[in-house]
Protein chains: 2
Amino acid sequence: MAGTPSTGRRERLRIETTAEIKCTALELMRSGGPDAITLRAIAREMGMTANAIYGYFATRDDLVTALVADVYTALADALDAAWAASAQDAPARRIQAWAHAFRGWALANPEGFRLIYGDPVPGYRAPEGGAAPDAARRVCVGIAALADTAWDGAAGAGAGAGAGAGDGFGWEDFDPGLLDKVRPAFPALPPAGVALALRIWGHLHGLVVLEVYGHLRAQTSAPDKLFRAELTQLTRSLGLQD
Amino acid sequence: MAGTPSTGRRERLRIETTAEIKCTALELMRSGGPDAITLRAIAREMGMTANAIYGYFATRDDLVTALVADVYTALADALDAAWAASAQDAPARRIQAWAHAFRGWALANPEGFRLIYGDPVPGYRAPEGGAAPDAARRVCVGIAALADTAWDGAAGAGAGAGAGAGDGFGWEDFDPGLLDKVRPAFPALPPAGVALALRIWGHLHGLVVLEVYGHLRAQTSAPDKLFRAELTQLTRSLGLQD
DNA sequence: GTGGGAACTATACGGCGTGAAGTTTTCCCA
DNA sequence: TGGGAAAACTTCACGCCGTATAGTTCCCAC
């Protein structure tokens, strides 16, 4: 009832204010794009002075970094949830469910998508470590699960077709931090499978980013049909029955 | 000798100054990213006042629009040149040459790539018409040429595999302005072929944009190998001999 | 109840896009 | 050849931004 007794009123307030700052920033982003994330605007919204925020984030970029981490984590959560929800389905359906969740999230949160994958805000450069790379790896592991499912569920020849272009890959081609998560989870997945995962990532990301940034809409009025065709072709090339 | 007599000294100077503004802006972009494109910085570099630029571009966004058009045109030129240079090669090699030209241009001009395909500059929103959409369509037509080559050079079954996922597309699914250029140039290409072109665009764009924005490098140390594998798989799935 | 530290404000600096007004330069025509 | 219009450019101003510094207020532990 008393909550964690180790945290006094002081730190609780601090945590709440920190959360409010991030929440306000996300609201501003949703209504005005990532560019609207402004210390002064946040402070205005919260009835504070811009400088007060410096008590919670050393710099504007630190705040943006925290937002990226939060949003990226939300995306990873959504993808994991979609994956888990389709646990009973056939491999092809699972992959399609995951991909639709990806596109759906991006279209529902275009500003968040730009924040994560685009140039978030004027001079922002992402720092080295932190929570955002973790979320990125979670997404990659999720795609590796797709690849593993394909490897598993495909006829031998089918998997060969999907992997055929992956010859020549070795574990040394990939980030150790990624492999630390991928290899234990999917022991049967060879290096070529990880390469396949990254290529699938590229396929889906490409179509979605073109759509979110409006480049696709200029050429076609049916991006959803295009995406569906892409998925059909993807599962087919992986040798999966749909 | 006298040049075009219809243009007096006045307009010639005007054109030169306009070019110098754009050139200076591109230099700033190359050295400091798209964010460095600043009226004041350009003016400083040129020994002028920031407001003087308003005599040439009504607004900063207008300048950015002009830059986007120029850079996009340069990209389209590079791609067309690569395509023309491989005219004697087999379809698979031509497609690979085009794709490598695309990735190569992006890696050589990452700032330009971000300018075209990302969030160029704080609050910038692309206008409706103009030269940039033209260049975009040129690129799309180039990819349609890829698809047409595949349609042409592939065995019937192979083309069927590539197009299999394209069933259900009609001409009404695509931008009339795009079709105006594509259909006369490639009369044999069905709607599914245009869909295939857009999907190929998505594939390549996805991998390249992930690489340019650093998301791929975090997961693999061999993005070039990945891209090559992608192309091998692409030509294979199109039923082309490499 | 008092000292210390955390939270916050006030003020300031330089940089940004942009508008209004004023000044200089250039060109064209009477 | 001179005068007036137009173009090119500068100056000043406004409100926005991130951020540094210094000062103020208030809560909590001793």
Side-chain angles (χ1 to χ4, degrees), chain A residues 2-3 5-22 24-25 28-29 31-67 119-125 127, chain B residues 2-22 24-25 28-29 31-67 119-127:
Chain A
S6 65
T7 68
R9 192 177 103 90
R10 205 67 172 263
E11 354 190 4
R12 194 164 9 99
L13 277 180
R14 181 174 185 80
I15 289 171
E16 281 173 11
T17 306
T18 305
E20 190 185 349
I21 290 173
K22 294 202 286 187
T24 307
L28 285 168
M29 182 187 78
S31 66
D35 303 328
I37 300 175
T38 279
L39 295 188
R40 293 182 123 106
I42 295 168
R44 218 178 296 129
E45 208 78 16
M46 292 176 64
M48 291 176 25
T49 302
N51 273 346
I53 298 179
Y54 281 88
Y56 300 88
F57 297 94
T59 200
R60 186 208 53 160
D61 280 16
D62 284 13
L63 169 59
V64 172
T65 299
L67 294 176
D119 299 306
V121 91
Y124 178 74
R125 285 298 77 199
Chain B
T4 50
S6 64
T7 68
R9 191 175 103 90
R10 205 68 173 260
E11 353 189 6
R12 193 163 11 98
L13 278 181
R14 181 174 185 79
I15 290 171
E16 281 171 12
T17 306
T18 305
E20 190 186 349
I21 291 172
K22 294 201 287 186
T24 306
L28 285 169
M29 182 188 77
S31 65
D35 303 327
I37 300 175
T38 279
L39 295 187
R40 293 181 125 106
I42 295 169
R44 219 178 296 131
E45 208 79 16
M46 293 176 64
M48 289 175 28
T49 301
N51 273 345
I53 298 178
Y54 282 86
Y56 300 88
F57 297 95
T59 200
R60 187 208 50 160
D61 280 16
D62 284 14
L63 169 58
V64 172
T65 299
L67 294 176
D119 300 304
V121 92
Y124 178 72
R125 287 296 80 197

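Below, read A as the first sequence line, B as the second, and so on, with proteins coming before strands; counting in each chain starts at 1. Note that the coordinates shown come from a computational prediction; the quantities given were computed from them, not determined experimentally.
- Counting heavy atoms from C-beta on, the side chains of Thr65(A) and Tyr124(A) come closer than 4.5 Å.
- Atom-to-atom distance recorded for Leu63(A):CG and Thr38(A):OG1 is 10.0 Å, nearest 0.5 angstrom.
- Remark: C1' of dG17(C) and OH of Tyr124(B) are 16 Å apart, rounded to the nearest angstrom.
- Here the shortest heavy-atom pairing between Ile53(B) and Ala43(B) reads CD1-N, 4.0 Å.
- Taking every heavy atom of both residues into account, Ala41(A) and Ala36(A) meet most closely at CB-O, 4.2 Å.
- Look at CG on Leu39(A): it is 13 Å from C1' on dC16(D), rounded to the nearest Å.
- Within 4.0 Å of Thr59(A), counting heavy atoms only, lie sugar-phosphate atoms of the nucleic acid but no base atom.
- A search for side-chain contact (heavy atoms from CB on, under 4.5 Å) contacts involving Ala66(A) returns Lys22(A), Phe57(A), not counting sequence neighbours.
- Look at CZ on Arg12(B): it is 16 Å from C1' on dA7(D), rounded to the nearest Å.
- In this structure, the side-chain contact (heavy atoms from CB on, under 4.5 Å) partners of Ala52(B), at least two apart in sequence or on a different chain, are Met48(B).
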What pairs of nitrogen or oxygen atoms, one from the protein and one from nucleotides 22-25 of chain C, lie under 3.5 Å apart?
none

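- Every residue meeting the side-chain contact (heavy atoms from CB on, under 4.5 Å) condition with Thr24(B), not counting sequence neighbours, appears here in chain and number order: Glu20(B), Leu28(B), Ile42(B), Glu45(B), Met46(B).
- For the segment residues 44-53 of chain A, residues with any heavy atom less than 4.0 angstrom from an atom of DNA chain C are, sorted by number, Met48(A), Thr49(A), Asn51(A), Ala52(A).
- The shortest distance between the side-chain N/O atoms of Tyr54(A) and the OP1/OP2 oxygens of dT19(D) is below 4.0 Å.
- Taking every heavy atom of both residues into account, Arg40(A) and Ala50(A) meet most closely at CG-CB, 3.8 Å.
- Relative to the axis of its first five pairs, the axis of the last five pairs of the helix from dG1(C)-dC30(D) to dA30(C)-dT1(D) sits at 10°, rounded to 10 degrees.
- Rounded to whole Å, atom P of dG15(C) lies 17 Å from atom CG of Asp35(B).
- The residue Arg60(B) sits close only to the backbone: its heavy atoms come under 4.0 Å of sugar-phosphate atoms, none of a base.
- Arg14(B) places its CZ atom 14 Å from the P atom of dC27(C), with the value rounded to the nearest Å.
- Here dG18(D) presents its C1' atom at 13 Å from CG of Asp62(A), a figure rounded to the nearest Å.
- Partners of Thr59(A) according to the side-chain contact (heavy atoms from CB on, under 4.5 Å) rule, which considers only residues two or more places apart in sequence or in another chain, are Asp61(A), Asp62(A).
- The residue Phe57(A) sits apart from the nucleic acid: no heavy atom pair falls under 4.0 Å.
- Taking atom CG on Leu63(A) and atom P on dC17(D), their separation rounds to 14 Å, with Å as the unit.
- Residue Tyr56(B) has its side chain nearest to dC9(D) when only dC9(D), dC8(C), dT18(C) are considered.
- Comparing Ala41(A) and Ala58(A) against DNA chain D, the residue whose closest nucleotide sits nearer the 5' end is Ala41(A).
- In this structure, Arg40(B) atom CZ and dC16(C) atom C1' are separated by 6 Å, rounded to whole Å.
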